[in-house]
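In what follows, residues are counted from 1 in the order of the sequence shown. Bear in mind that the values here come from a model prediction, so they are computed numbers and not experimental data.
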Amino acid sequence: MALYCQSNLPEFVPLRSWIIVTCLCSIVLLADLGGARLWDRDEPRNARCAAEMLENGDWIVPTFAGELRTHKPPLLYWMQMVSYQVFGVNEFSARLPSALCGLGTVLLTISIATRLLGHRVAPWVGISLGTSLMFVLASRAATPDGPLIFCSTLAIAIYVQLSHRIVETESSTRLEYHWPNILGWIAVYAACGLAVLAKGPIGLLLPGCVIGLHAIWQLNHSKNIESQGCLSDSDSGSTAIGRGIFARLVAGILAAGRFVVAAISTAWKMHPLLALAVVLLVAGPWYVAVGRETDGVWLREFFLEHNVSRALSPMEGHDGPPILFYLGTLLVGTFPWSMFAIPIGIAAYDSYKKQPEVRPAIVLSVCWVAVYVGFFSIAATKLPSYITPCYPGVALCIGWFLYRVAESQFDWPRWLKAGFFCGIAVGIGIAIGLAGPATELLPDASIVGIAGIVLAVASCIGAALVVEKHADLGIRSFVIGGVLATGLLFTLGPRLADNHRTELDLLTQQLADRQRSEIIVAGNIEPSWVFYADGALPAVGIDDDGRWLTRLSDHLQQPGDRVALVRGNQMPRVTSHLTNRFGSESMDILSKARGFLTKDDWVAIRLNAPPAHVTASKTEETITNY
């Protein structure tokens, strides 16, 4: 049992602080949530899958465009189905579950910070998490990341609350470490079971590793405290011996051996068989049911393709350098707080050395980051979203740093100035970038540059206040500016960008004038088209021998108001084919639209007059491509 002195009591965050943090994070996570249409490609796939399950009354088998969807388990779909029943099938209801999970994660992280760092630090931790770029992105998207982050954080929060107890005495207040009882581990693993329903086996494996590493440190730290007196008697001898390279090598091998033994011992004390039993009890029924309903197809494709294959080889071109990829991701993902990445590291290290009472929180943060960054650095497929579940751990250090500066407890003003100057540079860079090169693709991007200006101004004020020996006021001004900058990015940016998705406007215009079956698409269909068409559209895959042109013209000459949506680079071939088959001036161009963030067009065409019907051969029948 480890003992630490605590001075930031009472144990609970004052109600006013809860309300302020909740309101700020709610604004950032919920403001204009449904303002932009769903973004290709994951959002519409998940949203349409939930809509189809609701239409079919099927809570077991996920489908997209009528085809089995094996990418993710059903927790997000279930939450979206409930949201659809309340708010209807739309962008807001598709994203609402993730936003609520994001807000819940902020509150869970505040509870962790309250227990380990004290009630004064907790609001800073909540604000830093609820306004970090990548966390906000995950919480505002119709993807499984929001539910996964919440469930993983819930498991770790339960562990922290059960294993760390605040004991008050007349002379001091202590934070004591106690091993959770069996009911506590059941609660932890039940939360992991929900995470397994959100995204698969990593929902148990990675939170379990975070808890295990932290428990190893706590147990080892307790032993060191007990034997501190004995060790101090032999310090002089060990120091002399330790100067030799061989002695250091032996010490390293012995330390590694002790770690392995401690890891095995701790893993067994964590009741691994109980963990499997609880997770199977929570998540197992659905996995068994979907395996039975799909004759095992869903299970094979999910576990082998979307888990094993992604770990062994890069999929869809998503790869990157180990470690460096995710360290860069953390710097971008924790914007705007990453402006102070170096002083945050200094504050964490200094606090670990000088303030024993904050060590459990610092170690938990390091374990949290190390597990996720280490695991996904080893995996071949790399995506920035993979490590989002560790952002609550990062927020513990960020919040502690903000608190220390706000309370004038940070003694490296030069690093503070460097952080503010970095904020000025990044803010100006955002403003110039969005007012210059970005306007070539998105003419309205300059408006979003206001967020960069806000960050730069807040950083200028902060730097000036540090020079005037008011670092506490400087960091508070930066926090206000950072919250505003993040809020502006996510309220202005998506809606303005959505205004330029003219290819989706082209589709909705055609759907307003005719039935879905009367529209055929040449080439691959974007998932957003399937969502806004309320189902699969007829499509032909473009091939080199030109058979797709015959299928396309066969569709156009069928009875009814038939149209085809064709990419601009294929229009010369389509025009030549229709001219050869039906004569000159047989094609009518209804409208054109520029593809989003591309220089390629989409063109809606139809035949001028219904030509004589030509029956295609059986080998040239129209095929549907999802």
Side-chain angles (χ1 to χ4, degrees), residues 39-43 45-46 69-76 97-98 101-102 105 109 129 132-156 191-192 194-213 283 301-335 338 341 364-396:
W39 299 98
D40 288 306
R41 301 186 171 171
D42 289 338
E43 275 201 310
R45 284 172 175 164
N46 296 320
R69 177 164 169 77
T70 60
H71 289 65
K72 297 293 183 291
L75 184 60
L76 173 67
S98 294
C101 284
T105 302
T109 308
L129 175 63
S132 291
L133 182 68
M134 198 67 194
F135 178 80
V136 177
L137 181 63
S139 299
R140 291 178 62 94
T143 63
D145 295 317
L148 174 67
I149 299 169
F150 173 79
C151 295
S152 302
T153 307
L154 176 61
I156 296 172
C192 290
L194 293 176
V196 171
L197 278 174
K199 217 168 182 180
I202 61 170
L204 170 63
L205 177 62
L206 299 188
C209 288
V210 173
I211 293 171
L213 282 177
E301 292 191 10
F302 174 70
F303 287 107
L304 295 181
E305 179 179 350
H306 297 293
N307 284 270
V308 177
S309 295
R310 284 181 181 271
L312 298 179
S313 60
M315 295 187 67
E316 301 172 350
H318 298 306
D319 58 358
I323 304 297
L324 292 178
F325 177 87
Y326 285 115
L327 291 180
T329 297
L330 277 176
L331 289 176
V332 175
T334 53
F335 172 89
S338 53
L364 178 62
S365 177
V366 172
C367 292
W368 215 327
V369 174
V371 166
Y372 281 88
V373 170
F375 180 85
F376 287 111
S377 291
I378 295 172
T381 303
K382 293 178 174 61
L383 283 171
S385 60
Y386 285 172
I387 64 167
T388 46
C390 80
Y391 277 73
V394 180
L396 292 176

Just by distance, do the side chain of S338 and the backbone of L331 share a donor-acceptor pair under 3.5 Å?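 Looks like yes, one N/O pair under 3.5 Å.
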Donor-acceptor contact present, side-chain Y372 to main-chain V210, <3.5 Å: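 Side chain of Y372 to backbone of V210: no pair is present.
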Distance from [X] atom [atom1] to [Y] atom [atom2], nearest 0.5 Å?
X: H306; Y: T70; atom1: NE2; atom2: OG1; value: 3.5 Å
X: F325; Y: I387; atom1: CZ; atom2: CD1; value: 8.5 Å
X: E305; Y: H71; atom1: CD; atom2: NE2; value: 7.0 Å

Taking the side chain as every heavy atom from C-beta outward, state whether [X] and [Y] have any atom pair closer than 4.5 Å.
X: L148; Y: I202; answer: yes
X: T334; Y: M134; answer: no
X: C151; Y: L197; answer: no
X: C209; Y: F375; answer: no
X: P201; Y: L205; answer: no
X: I156; Y: L364; answer: yes
X: C192; Y: P207; answer: yes

State, to 0.1 Å, how close [X] and [Y] come at their nearest heavy-atom pair, and which atoms those are.
X: A142; Y: N46; answer: O-ND2, 2.9 Å
X: W368; Y: P389; answer: NE1-O, 3.1 Å
X: I211; Y: A155; answer: CD1-O, 4.0 Å
X: L133; Y: V332; answer: CD2-O, 3.5 Å
X: F135; Y: G102; answer: CZ-O, 3.4 Å
X: G200; Y: F302; answer: CA-CZ, 3.8 Å

After noting the C-alpha distance and the side-chain angles of C390 and L330, does the key distance pass the side chain to side chain contact (heavy atoms under 4.5 Å, CB included) rule? CA-CA 10 Å; C390 80; L330 277 176; 4.2 Å; yes
Take K382 and Y326 through the side chain to side chain contact (heavy atoms under 4.5 Å, CB included) test and state the conclusion after the steps. CA-CA 9 Å; K382 293 178 174 61; Y326 285 115; 3.5 Å; yes
Please collect all side-chain hydrogen bond (donor to acceptor under 3.5 Å, both in side chains) contacts where either partner lies in residues 384-393, sequence neighbours excluded, each pair once.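 Of all non-adjacent pairs touching residues 384-393, those that pass side-chain hydrogen bond (donor to acceptor under 3.5 Å, both in side chains) are R310-Y386.
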From the options I149, V394, T109, select the one residue that forms a side-chain contact (heavy atoms from CB on, under 4.5 Å) with L129.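 Of all the options given, the one that passes is T109.
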Tell me which pairs pass salt bridge (Lys or Arg N to Asp or Glu O under 4.0 Å) where either residue lies in residues 132-154, with sequence neighbours left out.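 Counting only pairs at least two positions apart or across chains, the salt bridge (Lys or Arg N to Asp or Glu O under 4.0 Å) contacts touching residues 132-154 are D145-K199.
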